[in-house]
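Report on the structure given below.
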Amino acid sequence: MTIALGRPGVDGLSGTVGVLREWQYEGAPMQLHPGDLGWFWRFGPDVTAEAVRTWSRDGNILAVGLLDGPDLLRLTIAPYAHRDEELARQLVKDVSRTEHGVFGEGKAYIEAPMAALVQELLDEDGWDVDEPWTSLRRDLAEPVEDPGVRIEVIGPEHAHVRAAVQRASFDSSTFTDERWHAMASGELYADARCLVAYDDRGDAVAAVTVWSAGRGKPGLLEPMGVARDHRGRGHGRAITVAAAAALQELGSSSAIVCTPSSNVGAVATYRSAGFEPRPEVRDRRRDA
C-alpha cells in the first residue's frame, strides 16, 4: 500500500488527537504532543485543522505533522514506524515539493524524532541541522513540593489575567481573552489547566498551561512565561513546580518541556524546579 498525505479536517481532529495520545510513552523522544495541538487551538478549530497533516498507509496513520506557522512542520511518527523506509521517503518527497501542500518556496524547518530514518534522508536531501533545543523531564512518581507562592487555576472569568501575563512574558505574543476562550473550548482542554502565580503584592507574575496526554503518560508544559517586570525573583521556578503538581493531579507520569539551548535562563529555571535535561534535539533547516 502507498503512503497517503492527508488533512483530517475539523471532523477528523479527534481521531488524530487520539493517535497522538497513543504515541506518548515514558522514554519516548521529544516529539509532537497532543498539548501542542491544544495550544494551537487558540486560533480556532478550523485553523487548527488546516495546519495538521497526516501520513497514512491502508487507513492507518503513521505520522502526524503540525504546521506551526508557514515554515515550520512539527512532525512525529508512530513508534513502530521510525525506521519505515517507505514512509521516510514519502515524507521527504512531500516536504520538498511545493505542490504537495506542506511548504511553499523558501526557508523551511522540520522538527522530527532524532532517531527516525527521515532525519538521515533529509540530510541526504540537503537539509541542514538548526540550532539545538534542550528537552527536560521531571518524574512525577513522588509528591511535588509546595511552590511557595499563591497559585490560581484560571477559569473563564479570569481569562484576561492569563492572557495579560502571556503578553507580558513574550514580546511577540498575540494571546488575547478571545484566544483563551477558543483554546478552552477545544476538546483537548478537558485534560489541561492554566495556572497563574501571584507575588506578595497580589500581582500576577507568571503563567503556564499544562496538557495531559492521559493517565500514565508524559504531560507537557506549553507555554510557560514570567512577566518581564517580575523576572529574577524565583517566579519561574514557582510556576514550573506548580505545573508539575497540576500534571500529577491529572495523572501524568512525568512532566516534559523543551526550550532553545541558547535560552540558558529558561534551562536553569526548569532545572531549579526539578527537571532533568535530556539529549539535545535539532530541527532540520532548508535555506532555499
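As the structure is a computational prediction, the values presented were derived from the model and not from experiment.
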Gap between atom [atom2] of [Y] and atom [atom1] of [X] - 0.5 Å precision:
| X | Y | atom1 | atom2 | answer |
| --- | --- | --- | --- | --- |
| Ser252 | Asp191 | OG | CG | 8.5 Å |
| Trp55 | Leu87 | CH2 | CG | 9.0 Å |
| Thr2 | Arg57 | OG1 | CZ | 9.5 Å |
| Tyr198 | Ile151 | OH | CD1 | 9.5 Å |
| Asp199 | His230 | CG | NE2 | 6.0 Å |
| Leu221 | Leu195 | CG | CG | 9.0 Å |

Is any side-chain heavy atom of [X] less than 4.5 Å from a side-chain heavy atom of [Y]?
| X | Y | result |
| --- | --- | --- |
| Lys93 | Gln90 | yes |
| Phe103 | Pro70 | no |
| His82 | Pro29 | yes |
| Trp211 | Pro34 | no |
| Leu32 | Leu75 | no |
| Ile256 | Leu136 | no |
| Leu73 | Leu66 | no |
| Cys258 | Val281 | yes |

Run the numbers on Glu249 and Arg215 for salt bridge (Lys or Arg N to Asp or Glu O under 4.0 Å), then give the verdict.
CA-CA 10 Å; Glu249 291 176 6; Arg215 300 194 69 83; over 6 Å; no
How about [X]: does its [atom1] atom have over 12 heavy atoms from other parts shown lying under 6.0 Å from it?
| X | atom1 | result |
| --- | --- | --- |
| Arg271 | CZ | no |
| Glu157 | CD | yes |
| Arg228 | CZ | yes |
| Glu276 | CD | no |
| Asp11 | CG | no |

Are the charged groups of [X] and [Y] less than 4.0 angstrom apart, N to O?
| X | Y | value |
| --- | --- | --- |
| Arg53 | Asp94 | no |
| Asp128 | Arg286 | no |
| Asp68 | Arg74 | yes |
| Glu50 | Arg7 | yes |
| Glu124 | Arg89 | no |
| Arg285 | Asp283 | no |

Hey, can you tell me if Tyr270 and Phe275 have their rings parallel, tilted or perpendicular (30° and 60° cut-offs)?
tilted
Quick check: closest heavy atoms across [X] and [Y], and the distance to 0.1 Å?
| X | Y | answer |
| --- | --- | --- |
| Val226 | Ser169 | C-OG, 3.1 Å |
| Cys194 | Met183 | SG-CE, 3.8 Å |
| Ser261 | Glu280 | OG-OE2, 2.8 Å |
| Pro8 | Thr54 | CD-CG2, 4.4 Å |
| Tyr25 | Pro79 | CE2-CG, 3.7 Å |

Given side chain to side chain contact (heavy atoms under 4.5 Å, CB included), test Leu20 with Leu37 step by step and report yes or no.
CA-CA 10 Å; Leu20 275 180; Leu37 268 66; 3.9 Å; yes
Side chains of [Y] and [X]: any donor to acceptor distance under 3.5 Å?
| X | Y | result |
| --- | --- | --- |
| Arg179 | Thr174 | yes |
| Ser254 | Glu26 | yes |
| Thr134 | Thr259 | no |

Which of these passes side chain to side chain donor-acceptor pair (under 3.5 Å) with Thr209: Glu222, Arg162, Arg193?
Arg162
Ring centres under 6.0 Å, that's the criterion: do Trp39 and Phe175 meet it?
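Centroid distance Trp39-Phe175: below 6.0 Å, so yes.
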Go through the steps to decide whether Ile77 and Val118 satisfy the test side chain to side chain contact (heavy atoms under 4.5 Å, CB included), and finish with yes or no.
CA-CA 10 Å; Ile77 299 169; Val118 69; 4.0 Å; yes
Applying salt bridge (Lys or Arg N to Asp or Glu O under 4.0 Å) to Asp200 and Arg150, what does each step give before you reach the verdict?
CA-CA 8 Å; Asp200 293 340; Arg150 178 164 71 91; over 6 Å; no
Give me the one residue out of Asp123, Asp130, Asp125 that meets salt bridge (charged side-chain N to carboxylate O under 4.0 Å, His left out) with Arg284.
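Among the candidates, only Asp123 passes.
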For Lys217 and Glu22: C-alpha separation, side-chain torsions, deciding distance, then whether salt bridge (Lys or Arg N to Asp or Glu O under 4.0 Å) applies.
CA-CA 9 Å; Lys217 295 178 180 291; Glu22 292 177 5; over 6 Å; no
List the steps, then state whether side chain to side chain contact (heavy atoms under 4.5 Å, CB included) holds for Arg278 with Met30.
CA-CA 9 Å; Arg278 301 196 294 175; Met30 197 68 194; 3.4 Å; yes
